[in-house]
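One structure is given here, and the rest of the page talks about it.
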Amino acid sequence: MRRNTATLSILAAWLLAAVLFGLASAQTATIISPQEPRTLLPHFDLLTLTHEAEHLIYDCLVTIGPDGNYQPQLASEVPTTENGGISQDATVYTFKLRDDVSWHDGEPLTSSDVAFTWQVITDPDLPVPSRTVWDQVERVETPDETTVSFHFPQTNVSFLAATATDSCYILPEHLLAGEDIVNSPLNRQPVGTGPFLAAEWSSGSFLRLERNPEYWQAGQPALDEIIIRFIPGSEGQRAALQRGEADLLLHMTSADLRFVSGLDDYQVVTGPTHAWWMFWVNNSDPMLSDVRVRQALAHGLDKALVTETVMGDIVEPLDAVLPPSHWAHNSEVTRYPFDQEQAAELLDQAGWTLGSDGMRSKDGQALELEILNIAGQAERRQVVQIVQDLWKQLGIDVSIKEIDGPSFPPTMIEGGFQIAYGWFGERQEPVFNLWLGTNWQRYGNEEALELLRQVPTVVEREDRAELVRRFQAAAADDVAIIPLAPRPILNAVNKGLGGYDPSLAGSLWNAGEWTGR
Amino acid sequence: MAGIFPRLLFISILLFLLIHLPAGGPADIYAADPSASAESIERIRELWGLDRPLPVQYGQWLTNVARGNWGNSYAERRPVTAIVAERFVNTLWLTAATVVLALVLAVALGVAGAVSDSRFVKSLIEGFAVLGISIPTFWSGTLVILVFAVYLDLIPSGGMATIGRPFSLTDRLWHLLAPAAVLGTLYIAQWSRYLQAGLSEVLREDYIRTAKAKGLSRVTFTLRHGLPNVAIPFITVVGLEAPRLLSGAMVTEVVFSWPGMGRLLTSALLSRDYPVVMGTLMLFVLIVVVANLLTDLAYGLADPRVRYQ
């Protein structure tokens, strides 16, 4: 009896040691995020962070690597015209799914999950904010469990990109069909096919994810656990970095660049985007409808001053209306170098002459401009203040108006602005919402816009690029908007975190490959 | 008591109007996205009933609330009551710890200041009070994090608990220490100054001189005869100030990443999550009303002459 007790205690001690050792060697990566996902049920939120966190839990049919090329994910290969996955006229896209993928609850993934995802995205009774491209699909066919094909009424070149980023996550039909999807428990307890399982979500504090032991990608994920801590204040974020508690700080501002470069253990890794900072110019405003005034404003803007001082000198000034990261970028558009004399001359030509008080006016009307900005971000305010100062030097009475985020779109839609500062992100396969959708700048060059309308129907990418480049040249000549600089995503990464490599698919797209400190 | 409901109703109308005043609604947070079309945004507005006239929307909200249904959050897609309850408990931890800490220190400092003969002690306490009232919490909070979390490594950098460890009171108190101290500083300063001034006055009264003449020790007559006589005005000050802790907590919650109601309200306002905003604000209103009521009741306890019919 006594011997039994002794054996038992040794066994217990051994087990305890094993558990403790197991805990000690568990590989955890801690991510600091200023924001929190609103929901983890894909397709119902457009916050960048939501998309990124969803990539830990869900998979897409295909994805985009850091080199900008498509890679297969749930599809066993990337459909192309060569392998027959895309029909010659680009009206049919066929995906062959992997047959070894299962949902986090053990159910197998089938082609009907993919078809169901399309139904959800296009269901008019569901509050889906972005149905782009998916809503152009005419019908979906699932001839067998691993084949799904999407049929379009006419040529569509944008669909592959739509299945690779943002609204690309495949939903579990067996848990959502016939249910109240909007208020589904999956909003908080997601079930995907991705490398990590959502284990614990403490609202306002953290999201803890555990390794999916059944993940289809062999040997992945390497980490046992990922914790996303939501830290809204820069004091807390900086403290977490200084204490070495973080492996990754997502979406830092350029104000933090110098701070991070002073930390030995961290480096700044920029995530590629097709986004850029810009000034919307209201082309229908009485003062700004004169192209010479718009040109003068462009000449009066010292873009390098802004990128070097406020943006941490990590981006170059931008002249085209699409950033250099994009394959259709045109690097040879008309440039408006910083030249105050040229700007003054253009304003003189437009009839806005200098008065004795140093300010310009025409027919007794002063040249007044208001810059609309979204309040709450120091960096944005600094940029707008620099520009205000520069344009004042031209003799323009410039004021700044700040409003909060949700008020911005309605104000822009109503046209209640002259100049507005902000950014816009284009997709890998552009949909030109900036020009053909919102068109807040009220750009009216129909000939140029027609070029963009042709793009989605052109099968050859080089031919599409040519159309987009011609549009960029026209938009630059017209100063339809004033581009400022590309807007990459800035992340501070602990040098001990292995395999970190952001792509257009997001900052966390390859978390399955990461190795811990 | 009966007056509470009309008051709440009136305030709810006012709040409903106020939060709808700025341009942009819950669907507009998507409108700036490159892939959101105007049609899909408009469809969301219809689905959420945001295209209906404001009085109709308010009527709907009020009817639901009367039935105990505070609605679902647009952003989080779960009941407002669940979200607010979660955050309210967290804020309660923070404010309760702050009030306890502030009360203990304010009484200690106030009494010490009133009793002490030492000019040095008096100016020290006064100096602390002036600093405490003047320094904004976002600045002192940053400083506390930098010194105690980063350089000295004595406290966590933020949050409410150590992630991955089961709940323990010690862990919670360890996380509460810095935010409660930072948030409490202002109240320690205000309340101790108030108490000191009141107490100094009372200590000059005749009955105190009598107590002194009887040979009571300084500590005894201060605590037994002095303190009870400043209690009523002091309770009023504390009772009126306590609800203001909630607004002060907003800043502290951001600095120390405390997942409380202040942060919930800020993010709900910025995403125009009307059901959550209304739920949070109405709870704030209720707290103020209840705090006033409790203050009145506390008079009765503190002063036997005050009795309610």
Side-chain angles (χ1 to χ4, degrees), chain A residues 28 30 36 38-39 41 44-46 124-132 135 166-167 182-184 187-188 202-206 208 225 227 229-233 235-236 238-240 242-243 245 376 403-414 422 424-427 431 433-434 437-438, chain B residues 22-41 43-44 47-48 72-79 83 86-87 90 138 141-142 145-146 149-151 153 156-161 163-164 253-260 263-264 266-267 269-273:
Chain A
T28 299
T30 302
E36 180 170 359
R38 297 194 183 103
T39 160
L41 186 62
F44 291 95
D45 189 21
L46 295 178
D125 290 330
L126 293 174
V128 177
S130 170
R131 311 181 203 265
T132 303
D135 57 3
D166 297 347
S167 53
V182 174
N183 302 307
S184 163
N187 281 295
R188 303 288 294 180
S202 173
S203 193
S205 297
F206 65 89
R208 194 169 63 79
E225 190 180 55
I227 292 169
R229 283 175 64 188
F230 312 123
I231 304 188
E235 311 81 9
R238 288 181 173 202
Q242 280 172 308
R243 286 159 62 98
E245 292 170 348
I403 56 176
D404 77 336
S407 304
F408 192 73
T411 310
M412 300 295 284
I413 290 167
E414 283 161 23
F424 185 84
E426 192 49 273
R427 296 185 140 199
V431 288
N433 203 32
L434 176 64
T438 60
Chain B
D28 288 304
I29 55 169
Y30 306 124
D33 194 272
S35 58
S37 67
E39 296 82 52
S40 56
I41 306 288
R43 185 69 197 133
I44 293 180
L47 287 170
W48 286 345
N72 269 23
S73 154
Y74 294 136
E76 291 190 38
R77 281 129 217 278
R78 51 187 187 129
I83 299 173
E86 222 174 70
R87 298 300 188 99
N90 299 346
F138 68 85
T142 310
I145 287 185
L146 202 61
V150 176
Y151 296 139
D153 200 12
S157 58
M160 206 170 66
I163 298 172
E253 282 173 9
V254 171
V255 175
F256 289 96
S257 344
W258 194 269
R263 267 174 65 197
L264 177 68
T266 320
S267 69
L269 276 171
L270 281 177
S271 59
R272 300 281 196 274
D273 199 344

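Throughout, a chain's letter reflects where its sequence line sits, starting with A, and its residues are numbered from 1.
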Hey, does the side chain of A:Ser407 reach the backbone of B:Ala23 with a donor-acceptor pair shorter than 3.5 angstrom?
-> yes

Between [options], which residue shows the highest count of heavy-atom pairs closer than 4.5 Å to chain A?
| options | result |
| --- | --- |
| B:Ala149, B:Ser157, B:Pro79 | B:Ser157 |
| B:Val254, B:Ile145, B:Leu264 | B:Val254 |
| B:Ser40, B:Pro26, B:Pro22, B:Ala75 | B:Ala75 |
| B:Arg272, B:Glu253, B:Arg43, B:Glu39 | B:Arg272 |
| B:Pro156, B:Gly158, B:Pro259, B:Ala161 | B:Pro259 |

In terms of heavy-atom proximity below 4.5 Å to chain B, should [X] be classed as side chain, backbone, both, or neither?
| X | answer |
| --- | --- |
| A:Val128 | backbone |
| A:Phe408 | neither |
| A:Ile227 | side chain |
| A:Arg188 | side chain |
| A:Glu245 | side chain |
| A:Asp135 | neither |
| A:Leu126 | backbone |
| A:Asn187 | side chain |

Where is the tightest heavy-atom contact between [X] and [Y], given as atom of each residue plus distance?
| X | Y | result |
| --- | --- | --- |
| B:Val150 | A:Arg243 | CA-CG, 4.4 Å |
| A:Pro127 | B:Leu47 | N-CD1, 3.5 Å |
| A:Leu46 | B:Ala36 | CD1-CB, 3.9 Å |
| A:Phe44 | B:Tyr30 | O-OH, 3.5 Å |
| A:Arg229 | B:Ile163 | CG-CD1, 3.4 Å |

Under 4.5 Å from any heavy atom of chain A - which part of [X]:
| X | value |
| --- | --- |
| B:Ala38 | neither |
| B:Glu76 | both |
| B:Leu270 | both |
| B:Asp153 | both |
| B:Trp258 | neither |

Does some side-chain heavy atom of [Y] sit less than 4.5 Å from a side-chain heavy atom of [X]?
| X | Y | result |
| --- | --- | --- |
| B:Ser257 | A:Ser205 | no |
| B:Ser267 | A:Glu36 | no |
| A:Arg38 | B:Ile29 | yes |
| A:Ser203 | B:Ile83 | no |

Do A:Gln242 and B:Leu146 pass the side chain to side chain contact (heavy atoms under 4.5 Å, CB included) test, and can you show the C-alpha distance, the side-chain angles, and the key distance before you say yes or no?
-> CA-CA 9 Å; A:Gln242 280 172 308; B:Leu146 202 61; 4.1 Å; yes

Residues two or more places apart in sequence or in another chain: which of them pass side-chain hydrogen bond (donor to acceptor under 3.5 Å, both in side chains) with A:Arg427?
-> none

Test: B:Arg77 and A:Asp45 ion pair at under 4.0 Å = no

With chain B, which of [options] has the greatest number of heavy-atom pairs at distances under 4.5 Å?
| options | value |
| --- | --- |
| A:Pro409, A:Gly376, A:Ala240, A:Gly422 | A:Pro409 |
| A:Gly425, A:Ser184, A:Gly437 | A:Gly425 |
| A:Thr39, A:Thr28, A:Val431 | A:Thr39 |

Tell me, please, which residues at least two apart from B:Asp28 pass side-chain contact (heavy atoms from CB on, under 4.5 Å).
-> A:Pro410, B:Ala31, B:Arg45

Roughly how far apart are A:Asn183 CG and B:Ser73 OG, rounded to 0.5 Å?
-> 10.0 Å

Separation between CG (B:Asp33) and OG (A:Ser167), nearest 0.5 Å, reads 9.5 Å

